[in-house]
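Please read the structure below before turning to the comments.
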Amino acid sequence: MERKRNYIYPDKESLLAAFVCEFSSTLKEYAEEGRQLHIALSGGSTSLGIFRQLAEQTSREEWSHVSIYWGDERCVPPDHPESNYGNAREILLDPLGLDKDLIHRIRGEEEPPGEAERYGKELLKYLPGENGFPVFDWIWLGLGSDGHTASIFPNEIELWTSGSPCVIGHHPVSAQSRISLTGGVLNAARRVTFICSGDEKAGVIREIFMKEGNYNQYPAFYVDPVSGNLEWYMDHNAAKLL
Ligand code: 6PG
């Protein structure tokens, strides 16, 4: 059953608050059922706002039912300001004192080829597999104004259809190496949620939703989980051209 839903909020604050509220109710659901929730966090700046609110509004106990992974990582050490893990650790993981055994980070400091392979194997060790791809319960995604998601960029869109769970991408401007989940993993997930804020995203969101312009060159356009469970959380500015 297709369950594509779009949620539009007046501003970034109410967008993040609504998403954090949805996360908390999902957590409760899993905790009551005694199930472990395997989620992949997104990187980038929008996520930082989510982590801040989660650190204020959730507790270590609630997170004991959550195994944490990342959708992508910059190939930098954890204490580097651009480390997705490093930022999450500082804002959320350490302040809540989350159980380190439940945190499965991408080691941005390691050699990318070996780390992409290692992380792919780690995912298949802890997560159920389908057609060779690990199946997450929930993947959070950001969206670049160039149509990238995770760290798959339009100029490397061929990485989307890689048969591996993880690949090495490169930022089109800085050439920074990134490790990213592939399309096969994103579309195998039971639930995928885009969280998008700001009018710099409005143009690409319209192209993707309306299949206009260069939509078919945008990796984000190909996010279409087999579960049909895809959500777009947007603030007014991001959704203003819809
Ligand atoms: C990253 C991301 C990336 C990000 C988007 C949106 O590591 O950069 O995972 O996909 O989510 O670029 O980033 P903003 O939230 O900063 O707009």
Side-chain angles (χ1 to χ4, degrees), residues 9 11-13 15-16 19-20 39-54 68-78 80-93 104-109 112 115-116 119 123 136 138-157 159-160 165-183 185-187 189 192-205 207-208 217-223 230-240:
Y9 297 90
D11 53 37
K12 186 174 183 180
E13 227 29 60
L15 162 69
L16 301 184
F19 182 72
V20 166
I39 62 173
L41 305 180
S42 60
S45 59
T46 308
S47 298
L48 304 182
I50 295 171
F51 300 157
R52 285 191 195 94
Q53 293 205 18
L54 286 171
I68 303 169
Y69 308 78
W70 276 262
D72 65 329
E73 182 60 280
R74 293 90 180 268
C75 295
V76 294
H80 187 285
E82 290 185 35
S83 166
N84 287 338
Y85 163 72
N87 288 320
R89 179 182 62 186
E90 189 189 325
I91 299 169
L92 175 65
L93 310 179
H104 303 267
R105 74 180 182 94
I106 300 172
R107 301 172 187 164
E109 70 276 20
E115 180 56 16
Y119 200 63
L123 296 180
F136 280 94
W138 200 358
I139 295 180
W140 303 355
L141 290 174
L143 173 72
S145 53
D146 62 355
H148 83 261
T149 194
S151 276
I152 308 236
F153 295 88
N155 63 318
E156 295 179 326
I157 197 159
L159 296 176
W160 185 265
C166 299
V167 289
I168 303 165
H170 304 86
H171 190 280
V173 179
S174 69
Q176 179 189 59
S177 293
R178 307 277 190 96
I179 292 176
S180 182
L181 298 182
T182 56
V185 180
L186 299 180
N187 287 334
V192 179
T193 306
F194 278 102
I195 307 113
C196 309
S197 167
D199 49 22
E200 72 276 10
K201 309 288 170 73
V204 70
I205 286 175
E207 288 181 76
I208 289 171
Q217 294 166 27
Y218 301 149
F221 171 75
Y222 298 97
V223 176
L230 175 64
E231 301 157 311
W232 286 79
Y233 277 68
M234 300 170 272
D235 63 11
H236 170 75
N237 286 340
K240 71 180 183 183

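For ligands, and for the atoms within them, numbers begin at 1 and follow the listed sequence. Keep in mind that this is a model prediction, so the values were computed, not measured. This chain uses plain numbering: 1 for the first residue, then up along the sequence.
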Okay, side chain of [X], backbone of [Y]: is any donor-acceptor separation there less than 3.5 Å?
{"X": "Gln176", "Y": "Arg74", "value": "no"}
{"X": "Glu73", "Y": "Arg105", "value": "no"}
{"X": "Asn87", "Y": "Leu48", "value": "no"}

Does only the side chain of [X] get under 4.0 Å from ligand 1, or the backbone, or both, or neither? Count heavy atoms.
{"X": "Arg74", "result": "side chain"}
{"X": "Leu141", "result": "neither"}
{"X": "Thr46", "result": "both"}

At a 4.0 Å threshold, what atoms of ligand 1 neighbour a non-hydrogen atom of [X]?
{"X": "Arg178", "value": "1 (C), 7 (O), 8 (O)"}
{"X": "Gly43", "value": "1 (C), 2 (C), 4 (C), 7 (O), 9 (O), 11 (O)"}
{"X": "Lys201", "value": "14 (P), 17 (O)"}
{"X": "Gly142", "value": "11 (O)"}
{"X": "His148", "value": "3 (C), 5 (C), 10 (O), 12 (O)"}
{"X": "Ala150", "value": "2 (C), 3 (C), 9 (O), 10 (O)"}
{"X": "Asn84", "value": "7 (O)"}
{"X": "Asp72", "value": "1 (C), 2 (C), 7 (O), 9 (O)"}

*Look only at interatomic distance and state if Ser45 has a nitrogen or oxygen under 3.5 Å from any nitrogen or oxygen of ligand 1.*
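Yes - when backbone and side-chain N and O of Ser45 are compared with those of ligand 1, one distance drops under 3.5 Å.
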_Parallel, tilted or perpendicular, as decided by the 30° and 60° cut-offs, for the rings of Tyr222 and Trp160_ =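 Taking Tyr222 first and then Trp160, their aromatic rings sit tilted (interplane angle of 30° to 60°).
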*asked:* Students often mix this up, so state it plainly: with edges at 30° and 60°, are the rings of His171 and His148 parallel, tilted or perpendicular?
replied: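 Ring orientation, 0 to 90° scale: perpendicular.
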*For Asp72, which of Leu181, Asn84, Ile179 qualifies under side-chain contact (heavy atoms from CB on, under 4.5 Å)?*
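Testing Asp72 for a side-chain contact (heavy atoms from CB on, under 4.5 Å) against Leu181, Asn84, Ile179 leaves exactly one candidate, Asn84.
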*So among Ile91, Leu16, Leu92, which one has a side-chain contact (heavy atoms from CB on, under 4.5 Å) with Leu54?*
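Of the listed options, the one satisfying the test is Leu92.
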*Among all protein heavy atoms, pick the one closest to atom 6 (C) of ligand 1 and tell me residue, atom and distance.*
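Nearest protein contact, heavy atoms only, for atom 6 (C) of ligand 1 is Leu143 O, 3.5 Å.
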*Identify, for atom 13 (O) of ligand 1, the protein heavy atom at the shortest distance, and state residue, atom and that distance.*
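Here the nearest protein heavy atom works out to Gly44 CA, 3.9 Å.
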*Taking it one step at a time, do Thr46 and Ser197 satisfy side-chain hydrogen bond (donor to acceptor under 3.5 Å, both in side chains)?*
CA-CA 7 Å; Thr46 308; Ser197 167; 5.5 Å; no
